[in-house]
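Worksheet for the structure shown next.
Computed over heavy atoms, backbone and side chain alike; hydrogens, waters and symmetry mates excluded.
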Amino acid sequence: MVISAPPATAKAAPPPPRRSARGLLTHLGWEAILLVLAVIAAVAVGAQGGGDAFGRRLWLTIAIAGLLAAAFAFSLRTAAPNLAVGALGGLAGTVYAKLVQADWPGLLAGATAVVAVVVFSLILGVVTGLTSAPAWAVSLGGLAVAQGAALGVADAQGIPLRGGPDPAWATWAWLALFVLGSLAGGVVFLSVAVRRALGVARPDGEVPRFQAKRLLGAALGFTGSGLLAALSGIAQAGYLGGSFPVSDSHLLIAVAAVLLGGLSAYTYRGGVAGTVLATALLVLTQTALLLAGAPTWLAFSLPAGVAILLGVAVGWVLDKISGPEQTV
């Protein structure tokens, strides 16, 4: 007698992970706290400086710092933290000012500067993806190259723009680009599928190896952050009326805004408006301190450093409360 084996059944594919409602509500709750703190900081600025304190300079500072923060946030969300965003912004501003000084049309000069920075950022991303090296290590090399190139283009001097600073309407254009772009990015990266498609976790002790998904995430993370950083640099050059290459001091505020905004340095999970609110809070706090007569180190370096340390702790707490991503 022949006994036939039961027909084989295909194993069902594991359900895709999804973000729990508790995790999203936790981040939105922290963003509500940031909103309250930003309002308090705005009241402090208004009390000291009056209505004049809320002029073009404040809003453009938020836009410039915010674009740079959005650049770092994008790289962190794609698991490719780019520590060169400040230097890339400085390089873009320098190239832009140099070309304008050489009688290039402003739009063409800006587009050329952006393309140059994006191509260089893509190279950094490809190196990261092909070698599976830590993105922060590769980006430090990019930081040094970008700073050196900016100093070389400027011949270690400032480059004034023909026609002086940008018109007032440019302030609102840059600010809208930062706010809308940051919010859109926050919404897109709420999707677990998007984050899993662009970031590859490497278990402890695993030998680095090539992964196509890692290459895609690193290339996208570096080029996207390079693009936003370049826009920040051009906006700053337009506001100042020229480019004046200095050390990468803008990186601190960008990292501080992203981490304080609730984007986890461990899981790369975040909310929607955290970067926007944290940027506004930090800039308003700096403005309030300056209006109160505080020294520069207290108004700039100290708040950024405290925000970074606090942001790391906030991200850890939010991860603990949110818990692991669930399956459907």
Side-chain angles (χ1 to χ4, degrees), residues 60-61 63-100 109-129 133-156 158-159 161 174 177-178 181-182 185 217-240 242-259 263 275 279 304:
L60 193 54
T61 299
I64 293 171
L67 283 170
L68 204 61
F72 183 72
F74 186 82
S75 70
L76 194 59
R77 289 181 188 276
T78 54
N82 183 2
L83 299 180
V85 289
L88 293 172
L91 176 60
T94 301
V95 172
Y96 167 67
K98 189 72 172 180
L99 294 178
V100 170
T112 302
V114 169
V115 169
V117 169
V118 166
V119 170
F120 178 59
S121 300
L122 176 60
I123 293 173
L124 296 178
V126 170
V127 170
T128 302
W136 63 264
V138 177
S139 69
L140 284 177
L143 183 154
V145 172
Q147 280 190 355
L151 290 171
V153 170
D155 196 19
I159 305 175
L161 286 175
W174 290 121
L177 178 62
F178 156 54
S182 185
L220 183 61
F222 270 94
T223 53
S225 61
L227 171 63
L228 293 170
L231 295 176
S232 174
I234 292 173
Q236 183 176 35
Y239 168 61
L240 297 176
S243 177
F244 309 93
V246 293
S247 60
D248 192 14
S249 58
H250 301 294
L251 177 63
L252 283 179
I253 187 69
V255 175
V258 171
L259 296 181
L263 184 54
T275 299
T279 300

* Got a donor-acceptor contact below 3.5 angstrom from the S232 side chain to the L228 backbone? -> no

* Asked: Considering all heavy atoms of both residues, which atom of A73 and which atom of L263 are nearest to each other, and what is their separation?
  -> O-CD2, 3.7 Å

Would you mind writing out the side-chain donor-acceptor pairs for residues 81-92 within the sub-3.5 Å range, not counting sequence neighbours?
from	atom 1	to	atom 2	distance (Å)
N82	OD1	A84	N	3.0
N82	ND2	S225	OG	3.0

* **A80 to A218 - nearest heavy-atom pair and separation** => CB-CA, 4.1 Å

* To do: Please report the shortest heavy-atom distance between A257 and T279, naming the atom on each side.
  => CB-OG1, 3.4 Å

* Asked: Which pair of non-hydrogen atoms, one from T275 and one from F178, has the smallest distance, and what is that distance?
  -> O-CZ, 4.3 Å

* Asked: Measuring from L227:CG to F74:CZ, what's the distance to the nearest 0.5 Å?
  -> 9.0 Å

* Structure fact -> Minimal heavy-atom distance between G110 and I234, with the atoms involved, is O-CD1, 3.5 Å

* What distance do I64 atom CD1 and L240 atom CG have between them, rounded to the nearest 0.5 Å? -> 6.5 Å

* Spacing of CH2 belonging to W136 relative to OG belonging to S139, to within rounding of 0.5 Å -> 8.5 Å

* Indicate the atoms forming the closest heavy-atom contact of Y96 with A237, along with that distance. => CD2-CB, 4.1 Å

* Asked: How long is the gap from CD1 on I123 to OG1 on T128, to the nearest 0.5 Å?
  -> 11.5 Å

* CG of L124 to CG of L140: how many Å apart, nearest 0.5 Å? -> 10.5 Å

* Asked: Could you go step by step and tell me if L76 and L259 meet the side chain to side chain contact (heavy atoms under 4.5 Å, CB included) rule?
  -> CA-CA 10 Å; L76 194 59; L259 296 181; 4.3 Å; yes

* **Heavy-atom side-chain proximity of I159 to V100 below 4.5 angstrom** => no

* Find the distance between OG1 (T61) and CH2 (W174) and round it off to the nearest 0.5 Å. => 14.5 Å

